[in-house]
Novice: 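Pasting a structure below so you can have a look.
Note on naming: letters A, B, ... go to the chains in the order of the sequence lines (proteins, then strands), and numbering restarts at 1 for each one.
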Amino acid sequence: MPALSSQSNDDSFDDVWEELNWRGLVHVSTDAAALKELLAGPPITFYCGFDPTAPSLHLGNLVQLLTMRRLQLAGHRPLGLVGGSTGLIGDPRPTAERVLNTRDTVAEWVGYLQAQVSRFLSGDGDNALRMVNNLDWTAGLSAIDFLRDIGKYFRIGTMIKKDAVSARLNSAEGISYTEFSYQVLQGLDYLQLYRDHGCVLQTGGSDQWGNLTSGTDLIHKAERVSVHAIGTPLITNSDGTKFGKSEGNAIWLEPSMTSPYAFYQFWLNTDDADVIFRLRIFTFLGRAEIDRLAEAVATEPFKREAQRALAWEVTALVHGAEATESVIAAAAALFGQGDLAVLDAGMLESALRELPNTTSPASTPVAQLLLDTGLTTSAGEGRRAIAQGGVYVNNTRVESETATLEGAVLPGGFAVLRRGKKTLAGVFVE
RNA sequence: GGCAAGUUACCCAAGUGGCCAAAGGGAUCUGACUGUAAAUCAGCCGUCUUAGACUUCGCAGGUUCGAAUCCUGCACUUGCCA
């Protein structure tokens with residue numbers, strides 16, 4: 001779906017390593033000089049892993065996918081690993097132990113993630129994407145073989161120094177042996193891919209650095225070879241809040257989990273202070289264009305040209321140009337200050353299809369509709385929102401907690417429900 | 001296996017018999033201001049149809065007119081000892 005063929009690296013850079021650095025994608029790495037030389041040379045094989053901890057990838061994973069794609073565009077050969085086995089274990093988070101998912105669930109999610117990863121990388125040519133699954137080489141591994149052949153290479157002293165592990169050891173939560181072992185499994189992945197595919201580079205989030213180095217260390221000990229790792233930065237917002245969350249929920253790549261409309265809106269609402277960094281990381285726009293947009297943010301911030309470019313680029317990348325056009329049209333129709341009744345009914349209707357929506361009789365109380373469309377999570381919250389003046393039907397503020405849609409239905413048989421300034425939903429009146 | 005400490009709402013965290021739907025902080029949400037921004041200020045912030053009622057303080061019992069607070073058992077977490 002994404003227009004892979006139209007993507008390219010910026011040829012104003014000497015090599016892909018320079019470009020990755022300019023884009024801010026290299027937070028930590030193994031020997032930088034060696035990596036630069038390696039990446040400027042003949043094609044190498046590299047990999048990045050994704051664990052099935054949810055039915056979809058999210059924006060944090062997108063950073064990895066785009067990093068992989070840039071390396072692929074430079075001629076290198078990507079291996080996409082979906083962690084059928086590591087997903088069963090769970091990598092240690094600094095805060096709390098994970099709840100294990102069932103084997104069936106993980107297997108199902110592996111399928112979804114493989115399909116998603118495949119969409120972002122080219123499957124053509126000498127350096128086509130190849131998918132691998134670490135369950136293939138761990139499922140048949142006995143506990144004894146694991147402990148003898150792999151475990152001997154790992155030192156407890158090193159293992160407990162890893163950030164995620166030591167954070168947990170120092171917390172009230174502690175850490176289970178299961179999660180403690182995660183780094184061994186990931187190290188094993190790298191070793192296996194080195195042996196099977198000559199893989200010499202792993203990319204991942206810098207929060208995974210401990211797991212990345214566990215692989216390079218293992219290969220060094222087992223094969224007496226130095227291989228590489230690149231840790232991409234953890235994306236943060238300048239105001240200190242977590243990136244990639246909207247109303248506390250993750251932004252997913254799967255359209256049924258985060259609608260293309262919400263996805264576009266997320267990017268459009270990017271803070272001025274962050275937008276240029278986002279353009280570098282999440283788009284294929286070149287240095288010259290991004291510098292121009294930076295100038296636009298400085299001189300005409302109210303036009304939000306950079307935000308529009310960012311929202312367009314990323315939404316088109318993930319959901320396709322066509323879907324992006326339609327969510328932009330939807331936003332233009334719905335965000336309007338103006339009178340919704342004068343808009344074209346067909347266009348308005350298709351716009352509402354992009355939003356959370358529900359079908360109800362006109363006599364349904366607005367508070368109930370808020371609940372039905374997911375704009376609120378309880379009836380009390382809905383009443384409160386109305387009392388605070390935060391609910392609108394067709395851009396007209398709802399004054400009464402007992403209001404219904406009577407008399408407010410637009411030609412075509414629907415109504416636009418809005419909470420706050422920008423949270424919208426549609427109601428189709430039956 | 002023994003001893004000790006702990007488990008409070010989305011997160012952190014007060015609260016040791018009634019004044020507790022539960023202090024305070026953060027996050028989310030709403031309003032004002034704006035550029036569908038940031039910062040700032042204000043409000044809301046368990047559920048239910050307001051007053052009011054109901055459910056909640058790891059789980060299950062018990063004491064009491066009354067329990068997040070006391071007792072018993074269980075589960076889980078952490079530390080020390082073996």
Novice: Taking the same atom, P, in rA5(B) and in rG73(B), what whole-Å distance lies between them?
Specialist: 15 Å
Novice: Distance to the ring centre below 6.0 angstrom and angle to the axis at most 45 degrees; does that hold for R98(A) and Y182(A)?
Specialist: no
Novice: Report, as yes or no, whether the 6.0 Å neighbourhood of atom CZ on F13(A) holds more than 12 heavy atoms from other residues, nucleotides or ligands.
Specialist: yes
Novice: With C1' as the reference atom in both, quote the distance from rC45(B) to rA9(B) in angstrom, rounded to an integer.
Specialist: 10 Å
Novice: Between rG79(B) and rC11(B), how many Å separate the two C1' atoms, rounded to a whole number?
Specialist: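 To the nearest whole Å, 24 Å.
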Novice: When rounded to the nearest Å, what value does the distance between P atoms of rU77(B) and rA42(B) take?
Specialist: 44 Å
Novice: What's the gap between rA13(B) and rA27(B) when it is taken at their C1' atoms, as a whole Å value?
Specialist: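 Going atom to atom, C1' in each nucleotide, I get 14 Å.
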Novice: Mind checking the P distance from rA14(B) to rG62(B)? Whole angstroms is fine.
Specialist: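 Taking atom P in both rA14(B) and rG62(B), they lie 31 Å apart.
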Novice: Please list, for nucleotides 39-43 of chain B, all pairs of protein and nucleotide N/O atoms separated by less than 3.5 Å.
Specialist:
unit_1: rG43(B); atom_1: N2; unit_2: Q388(A); atom_2: OE1; d: 3.2
unit_1: rG43(B); atom_1: N3; unit_2: Q388(A); atom_2: OE1; d: 3.4

Novice: Let's see if you get this right: which residues in residues 364-384 of chain A place a heavy atom under 4.0 Å from RNA chain B?
Specialist: S378(A), A379(A), G380(A), R383(A), R384(A)
Novice: Contact class for Y264(A) vs. all strands (heavy atom < 4.0 Å): base, sugar-phosphate, or nothing?
Specialist: nothing
Novice: Work out how far the P atom of rG18(B) is from that of rA23(B), and round it to whole angstrom.
Specialist: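 So the two P atoms sit 16 Å from each other.
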Novice: Would you say K421(A) reaches rA37(B)'s phosphate, i.e. side-chain N/O to OP1/OP2 under 4.0 Å?
Specialist: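 For rA37(B), OP1 or OP2 has a side-chain N or O of K421(A) closer than 4.0 Å.
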Novice: Determine the Euclidean distance between corresponding C1' atoms of rU49(B) and rG31(B); express it in Å to zero decimal places.
Specialist: 25 Å
